[in-house]
2 protein chains.
Amino acid sequence: MDLRQVRYFIAVAEERSFTLAARRLNLSQPPLSQHVQALEAELGTPLLYRTSRKVELTQAGEAMLLRGRAILQQVKSAEDEVRSIGAGMVGTLDLGATGSILRGRLAELLAAYRQVAPLVKMTVYEQAPARQIAALLNRTTNISLIRGVPTERDLTSKLAWREEVVLAVPRTHPLAKRKRVALGELASEDHVVLDPDSSDFARHVQTCCVDAGFLPKVSQQVVDAQSIPSLIAAGFGVALVPQSIARFTTADIAFRPIRPSPPAADVFLVFRQDETSMVVHNFIKLALRYLGQRKKPG
Amino acid sequence: MDLRQVRYFIAVAEERSFTLAARRLNLSQPPLSQHVQALEAELGTPLLYRTSRKVELTQAGEAMLLRGRAILQQVKSAEDEVRSIGAGMVGTLDLGATGSILRGRLAELLAAYRQVAPLVKMTVYEQAPARQIAALLNRTTNISLIRGVPTERDLTSKLAWREEVVLAVPRTHPLAKRKRVALGELASEDHVVLDPDSSDFARHVQTCCVDAGFLPKVSQQVVDAQSIPSLIAAGFGVALVPQSIARFTTADIAFRPIRPSPPAADVFLVFRQDETSMVVHNFIKLALRYLGQRKKPG
DNA sequence: ACGATTGATAGGGTTTCGCTATGGATCTTC
DNA sequence: GAAGATCCATAGCGAAACCCTATCAATCGT
């Protein structure tokens, strides 16, 4: 059985006429007769009761009409679905990110993406960078956002955005009065730092300080970047934080740029090199375009 | 989209190889590649991720595989259904018959038919002959069993069976001692008769009696042939009944042949000349064959 | 490094497809 | 009531699709 035969038969059945159906199908009448005959021969039963004046459906024809419509509908539905998946507009997308990135700029990125591809089922896993790499490699996630490029050969990285390192101090602190601060001036301060085991940003900051000639004196170590502002406000000292953390600020805290500025903390989109999912590629394409448009968001 | 393309793609997807799939399809490998390419081009997305060493499904391919299987299954199911209907093994069959015929030989005929075509939904309407003709003409029923051929030009009749007219008398009646009885001998008897308005058999008997030179003296008129035996047993007189009524007999009654025998009451299968239902034609064919095999049932 | 295997591509013969022309049958119209 | 119109089926022909064999490019295994 051929879909063309089904389409042709349905046209004849609906028009109750070979001639009209042929017109509708942009076809001449003879091949239409032949195809319907072929279908009837294959099914071993007449589908149409023909007189030279009118065409009526047999019972088998009635059934064939209903079933044929259902088949064509299913075919169309399958085409649409496959096309959507192929275009990366339908499917699943599993992301990995650390809490600070997730609640920072990633949230706005995901919101923008959801507007473009609302049928994609997104899941975000909040995990430490090392776990994210592992998850990418064992195909638990498709994309990760991490600071720094992983060395694994199967992974590709693309720069998502750069975050300047800024100083967070209590408003009562002497440095709060300054317009900008040099990194070396923080050698004698108490520092609130993130856990370097789980935070690439913490390691980045540590490297910057070592390059500036000192090892920060740790008054408090935290796991979640969001807890830093309240600790600063409570007088635990100062902290070097990504610029984006400023969104979680309170009135008690001031943020000041570091000058000369240390290297920015770069956030990368990381994914498998052999990734086949069009959803993933589509997301990456849209994300880079979106992030490129607004390099410096509020 | 073409069913062949779908079949070919499914083979490749299942075998994870063009070469093996081509072998399974009794086809060489190049046209297989081309058909899959054509399908991918039409859907605007790759379905397979090919290296020169192995073939894997893309997400779109996974969806296409599932949908394709469903489509082929539905096609096969449709083919089976249409074929069955075309062979007259599935569908509906509405019959009309009078009570005596229905509870007589028709019951056994329907039982035999049900064994052959158990999927046919049968409905039997018990109605007077005139209503049966009307029901046939307005397509309420497909087939009727009536005595005598209707005159309507749109109807076709085929002899189903012939029923001899026999005499029913109480065992105490003088005629019960006879081996056979002539019709003329019944001129002076009291007769239990069916309603001639609703019974072709009653009219047939009446004609026979008139041909024999008398008009039966009616002691009692009934509508249902089944009530005759008990009335005979109760002494209401004699009755001329179809042979098949003997199955409802009791010990108090004797049946005797009429000699010389009057014309038999012929029962006909009647149906529309333009009937298209294969169920109907199949039933008629099977019924005539079945009835022909056992002309004289017990 | 070389042979074997896999999928893609090229070219040719056969089948299928769709078109025009025509036939047979019925309905409409004058 | 006969002629024309309409409808579906058939016949014959040119074009397109299809499937084949032969070959190429790339990768895997020895």
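Just so we're on the same page: letters track the sequence lines, and every chain starts at 1.
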*Asks:* Name each donor-acceptor pair under 3.5 Å that joins a side chain in residues 110-128 of chain A to protein atoms two or more places apart or in another chain, with its distance.
*Replies:*
residue: A:Thr123; atom: OG1; partner: A:Asp94; partner atom: OD1; Å: 3.4
residue: A:Glu126; atom: OE2; partner: A:Arg103; partner atom: NH2; Å: 3.2

*Asks:* Table please: side-chain donor-acceptor pairs of residues 79-91 of chain A below 3.5 Å, with sequence neighbours left out.
*Replies:*
residue: A:Asp80; atom: OD2; partner: A:Lys76; partner atom: NZ; Å: 3.3
residue: A:Glu81; atom: OE1; partner: B:Arg67; partner atom: NE; Å: 2.9
residue: A:Glu81; atom: OE1; partner: B:Arg67; partner atom: NH2; Å: 2.7
residue: A:Arg83; atom: NH1; partner: B:Glu42; partner atom: O; Å: 2.7
residue: A:Ser84; atom: OG; partner: A:Asp80; partner atom: O; Å: 3.0

*Asks:* Hey, could you give me each pair passing salt bridge (charged side-chain N to carboxylate O under 4.0 Å, His left out) that has a residue in residues 127-138 of chain A? Not counting sequence neighbours.
*Replies:* none
*Asks:* Would you indicate, yes or no, if C:dT6 has its OP1 or OP2 atom less than 4.0 angstrom from a side-chain nitrogen or oxygen of B:Arg50?
*Replies:* no
*Asks:* Does anything in residues 4-19 of chain A reach DNA chain D, meaning a heavy atom under 4.0 Å, and if so which residues?
*Replies:* A:Ser17, A:Phe18, A:Thr19
*Asks:* Which residues pass the side-chain hydrogen bond (donor to acceptor under 3.5 Å, both in side chains) test with A:Thr140, sequence neighbours left out?
*Replies:* A:Asn138
*Asks:* A:Thr98: which residues meet the side-chain hydrogen bond (donor to acceptor under 3.5 Å, both in side chains) condition with it, sequence neighbours left out?
*Replies:* none
*Asks:* Expressed in angstrom and rounded to an integer, what is the separation of A:Leu48 atom CG from D:dA9 atom C1'?
*Replies:* 14 Å
*Asks:* Just by distance, do the side chain of A:Arg272 and the backbone of A:Thr141 share a donor-acceptor pair under 3.5 Å?
*Replies:* yes
*Asks:* Rounding to a whole Å, what distance do you find between B:Glu40:CD and C:dG7:C1'?
*Replies:* 12 Å
*Asks:* Is there any protein nitrogen or oxygen under 3.5 Å from a nitrogen or oxygen in nucleotides 24-30 of chain D, and what are the pairs?
*Replies:*
residue: D:dT27; atom: O4'; partner: B:Ser52; partner atom: OG; Å: 2.8
residue: D:dC28; atom: O4'; partner: B:Arg53; partner atom: NE; Å: 3.2

*Asks:* For B:His204 and B:Pro263, indicate whether the former's side chain and the latter's backbone hold a donor-acceptor pair under 3.5 Å.
*Replies:* yes
*Asks:* Think B:His35 has a side-chain N or O under 4.0 angstrom from the OP1 or OP2 of D:dC19?
*Replies:* yes
*Asks:* Using modelled atom types and a 3.5 Å cut-off, is there a donor and acceptor pairing between side-chain atoms of B:Ser157 and backbone atoms of B:Leu269?
*Replies:* no
*Asks:* Starting at atom CD of B:Glu56, determine the distance to atom P of C:dG7, rounded to an integer number of angstrom.
*Replies:* 12 Å
*Asks:* Between D:dC8, C:dT9, D:dT10, spot the one nearest the side chain of A:Gln37, thanks.
*Replies:* D:dT10
*Asks:* What integer distance in Å separates A:Asn26:CG from C:dC17:P?
*Replies:* 19 Å
*Asks:* Just how far, in rounded Å, is P of C:dG7 from CG of B:Leu47?
*Replies:* 16 Å
*Asks:* Tell me, which pairs form a ring pair (Phe, Tyr, Trp, His ring centres under 6.0 Å) where one or both residues lie in residues 5-50 of chain A, sequence neighbours left out?
*Replies:* A:Tyr8-A:His35
*Asks:* Just jot down the side-chain hydrogen bond (donor to acceptor under 3.5 Å, both in side chains) partners of B:Glu40, sequence neighbours excluded, or say none.
*Replies:* B:Arg50
*Asks:* Verify, without hydrogens or angle tests, whether B:Ser144 (side chain) and B:Ile146 (backbone) share a donor-acceptor contact under 3.5 angstrom.
*Replies:* no
*Asks:* Please list, in numerical order, the residues of residues 27-34 of chain A that have a heavy atom closer than 4.0 Å to any atom of DNA chain C.
*Replies:* A:Leu27, A:Ser28, A:Pro30, A:Pro31
*Asks:* Could you state the atom-to-atom distance from OH of A:Tyr49 to P of C:dT26 in whole Å?
*Replies:* 11 Å
*Asks:* Extract the stems that DNA chain D is part of, considering only consecutive pairing runs of at least three Watson-Crick or G-U wobble pairs, both distances under 3.5 Å.
*Replies:* C:1-30 with D:1-30
*Asks:* Could you name each residue pair satisfying salt bridge (charged side-chain N to carboxylate O under 4.0 Å, His left out) that touches residues 3-17 of chain B, not counting sequence neighbours?
*Replies:* B:Asp2-B:Arg4, B:Glu14-B:Arg24, B:Glu14-B:Arg69, B:Glu15-B:Arg24, B:Arg16-B:Glu56
*Asks:* Roughly how far apart are A:Asn142 CG and A:His281 NE2, rounded to 0.5 Å?
*Replies:* 10.0 Å
*Asks:* Do B:Val55 and B:Ser17 come close enough that some side-chain heavy atom pair is under 4.5 Å?
*Replies:* no
*Asks:* For the pair made of CG in B:Leu20 and C1' in C:dT6, what is the distance, rounded to whole Å?
*Replies:* 10 Å
